[in-house]
Number of protein chains: 2
Amino acid sequence: MDKYQKIPDVVIKRLPIYLRYLDQLSAMDVETVSSQQMGDDLNLNPAQIRKDLSIFGDFGVKGMGYRVSDLSEKLRSILGLDKEIPIILVGVGNLGAALCQYNRYQSPSTRIVSVFDGHPSKVGQTVGSMVVKPMEDMEDFVQQNKVKMGIITVPSQAAQKVADQMIESGITVILNFAPTLIHVPSNVKVQNSDVTTELQALSYYL
Amino acid sequence: MDKYQKIPDVVIKRLPIYLRYLDQLSAMDVETVSSQQMGDDLNLNPAQIRKDLSIFGDFGVKGMGYRVSDLSEKLRSILGLDKEIPIILVGVGNLGAALCQYNRYQSPSTRIVSVFDGHPSKVGQTVGSMVVKPMEDMEDFVQQNKVKMGIITVPSQAAQKVADQMIESGITVILNFAPTLIHVPSNVKVQNSDVTTELQALSYYL
DNA sequence: TAGATTGTTAATCGATTAACAATC
DNA sequence: TAGATTGTTAATCGATTAACAATC
């Protein structure tokens, strides 16, 4: 393990896949798994899996493979999922509301803790057991609750402004569902996830 | 342009980004744009943009750049967005319903034309102007309407079965929102899009 | 011990970027 | 023509994969 290497995004994106797979094995009372087996089940090269994992430490046992419970614990810790991660969401349209509900029965560590909307008619509504708050309340909430992650589900035209406000408040990681590029300082991480763009790309394969 | 090269997925995924950008320029009555300008605005290397585009043809004019309307038309044609693409969606939970609504005011060529659900209580409900149909009706619908693209928004446990049914019916491209890997024949294209996994990966950057 | 499988090095593959001749 | 910018080649960079010594 080289402590000072930059870890590629593409590796980070595979870690939750590994974790989910391990949780499935765990539910089936499987105690150990080899990179070969993982590769078969996940359609990945075993060498790639070993290389990914070895970046973070020597988690395996030669001749035996990986202990499922050990490895999932390590991965959870690497990803920071061993603690609760508070998330705010801005934009309570259909998609935003769906994510708030979805959130409730999913991953226990990543949790939407508060929801905001700039439109007065939305404020005060209840979505997924949360009451929608006005945008003016966002900064205080983010700071008082040390929220670092935000989800944007507003229309395209509003996305940049919301991102700016989030960053101003102290958010450093943004999941953007608006179909538009948002510009952020280099210390802020943005992940775009946009159905329209995905469908358009998939259209090529028809 | 080499007609027989395999085009990388990563290039295909950038095409809708270019297209969206060009549409923005068009709305601002900009008539031409250079790869330099595009690169500045999209945070991409100009050489990469030129290389991506040159795979499909010589769309630019030396010394002048690209005509916005020409290029967007070409991209639309490459992606197959110059015709209507019928899409079915299976699983009318919060997310599925949101996508049906979202769909209505978005991209005109990719359109969800019918919605299905395996749960009797969902069948007959109206979402986004469509009436939810039972799973038994899916195959006939897909075949009669020559639907090739499907969206999966069912819970994880049901995802593989739905994928199998879709493929059986003639679907060849699937956008999967269930947080699970689905196994498909090599002639079927699957794109996964899962909020939980994305949030977990983003957690690393906190 | 013999068999299995890791962690890691080296080879390969593929994507990005720099550089520049061609040319509008 | 002079300046700008393409399309493309070659160089670079980075990620994937094969191979294998180490070792449980």
Side-chain angles (χ1 to χ4, degrees), chain A residues 1-18 21-22 25 30-75 78 201 204, chain B residues 1-18 21-22 25 30-75 78 201 204:
Chain A
M1 174 183 181
D2 178 352
K3 261 202 160 245
Y4 302 105
Q5 72 184 288
K6 163 89 177 94
I7 294 152
D9 281 5
V10 70
V11 172
I12 301 300
K13 287 203 178 138
R14 280 193 292 266
L15 300 185
I17 313 281
Y18 299 154
Y21 173 71
L22 292 167
L25 290 186
V30 177
E31 293 193 351
T32 65
V33 66
S34 67
S35 58
Q36 179 66 53
Q37 184 64 51
M38 286 183 72
D40 285 352
D41 291 340
L42 296 174
N43 290 131
L44 295 172
N45 184 297
Q48 182 175 65
I49 295 172
R50 293 200 299 279
K51 195 152 211 268
D52 283 355
L53 297 177
S54 73
I55 294 175
F56 302 99
D58 293 359
F59 302 144
V61 182
K62 289 189 171 73
M64 194 259 251
Y66 299 87
R67 296 199 65 79
V68 172
S69 61
D70 272 19
L71 187 54
S72 74
E73 198 186 314
K74 300 284 191 194
L75 287 178
I78 291 162
Y204 175 83
Chain B
M1 175 183 180
D2 177 354
K3 260 203 160 249
Y4 302 106
Q5 71 185 288
K6 161 90 177 92
I7 294 152
D9 281 5
V10 71
V11 172
I12 301 301
K13 287 201 177 140
R14 280 193 292 265
L15 300 185
I17 313 282
Y18 298 154
Y21 172 72
L22 292 166
L25 291 185
V30 176
E31 293 193 351
T32 66
V33 65
S34 67
S35 58
Q36 179 66 51
Q37 184 64 50
M38 287 184 71
D40 285 351
D41 292 338
L42 297 174
N43 290 130
L44 295 171
N45 184 297
Q48 183 174 64
I49 296 172
R50 293 200 300 278
K51 194 154 213 268
D52 283 356
L53 297 177
S54 73
I55 294 175
F56 302 98
D58 293 359
F59 302 143
V61 183
K62 288 190 172 72
M64 194 259 254
Y66 299 87
R67 296 199 64 79
V68 172
S69 60
D70 271 19
L71 186 54
S72 73
E73 197 186 315
K74 300 283 190 195
L75 288 178
I78 291 162
Y204 175 81

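Numbers restart at 1 for each chain; the letters A, B, ... are given by sequence-line order, proteins then strands.
- The A:Lys62 side chain lies nearest to D:dC24 when the options are C:dT17, D:dT16, D:dC24.
- Distances shorter than 4.0 Å separate some side-chain N or O of B:Arg14 from OP1 or OP2 on C:dT16.
- Residue A:Val10 is the one, among A:Gly63 and A:Val10, whose nearest nucleotide of DNA chain D lies closer to the 5' end (criterion: closest heavy atom).
- Note: CD1 (A:Ile55) to P (C:dT8) measures 11 Å, nearest angstrom.
- Computed from coordinates, the B:Leu53 CG to D:dG7 P distance equals 8 Å when rounded to whole Å.
- Atom CZ in A:Arg67 sits 12.0 Å away from atom CD in A:Glu73 (nearest 0.5 Å).
- Across all strands shown, the partner of C:dT16 is D:dA11, judged by Watson-Crick or G-U wobble contacts whose two distances both fall under 3.5 Å.
- Spacing between atom NZ of B:Lys51 and atom C1' of D:dT12 amounts to 13 Å, rounded to whole angstrom units.
- At whole-Å resolution of the value, CG in A:Asp70 and C1' in C:dT6 are 15 Å apart.
- For the pair B:Lys74 NZ and D:dG7 P, the computed distance is 12 Å after rounding to whole Å.
- With rounding to the nearest 0.5 angstrom, the CG atom of A:Leu25 is 7.0 Å from the CG atom of A:Asp41.
- Comparing A:Asp52 and B:Ala47 along DNA chain D, the residue whose closest nucleotide (by nearest heavy atom) sits nearer the 5' end is B:Ala47.
- Distance CG (B:Asp58) to P (C:dT23): 11 Å, rounded to an integer number of Å.
- Side-chain contact between B:Tyr66 and B:Leu22: absent, with no pair of heavy atoms (C-beta onward) separated by less than 4.5 Å.
- Summarising the base pairing, C:dT5 is matched to D:dA22 through a Watson-Crick or G-U wobble pair whose two defining distances lie under 3.5 Å.
- In this structure, of C:dT17, D:dT5, D:dT17, it is C:dT17 that holds the atom nearest to the side chain of B:Gln48.
- Phosphate contact (OP1/OP2 of C:dC24, side-chain N/O of B:Tyr66, threshold under 4.0 Å): absent.
- Contact annotation: B:Ser35 does not reach the phosphate of D:dT5 (side-chain N/O to OP1 or OP2, under 4.0 Å).
- Look at CZ on A:Phe59: it is 14 Å from P on C:dT6, rounded to the nearest Å.
- Between A:Tyr204 and B:Val11 there is no side-chain heavy-atom pair separated by less than 4.5 Å.
- The phosphate of C:dA19 (OP1 or OP2) has no side-chain N or O of B:Arg50 nearer than 4.0 angstrom.
- Rounded to whole Å, atom P of D:dT12 lies 16 Å from atom CG of B:Asn45.
- In this structure, B:Ile49 CD1 and B:Tyr18 OH are separated by 5.0 Å, a value rounded to the nearest 0.5 Å.
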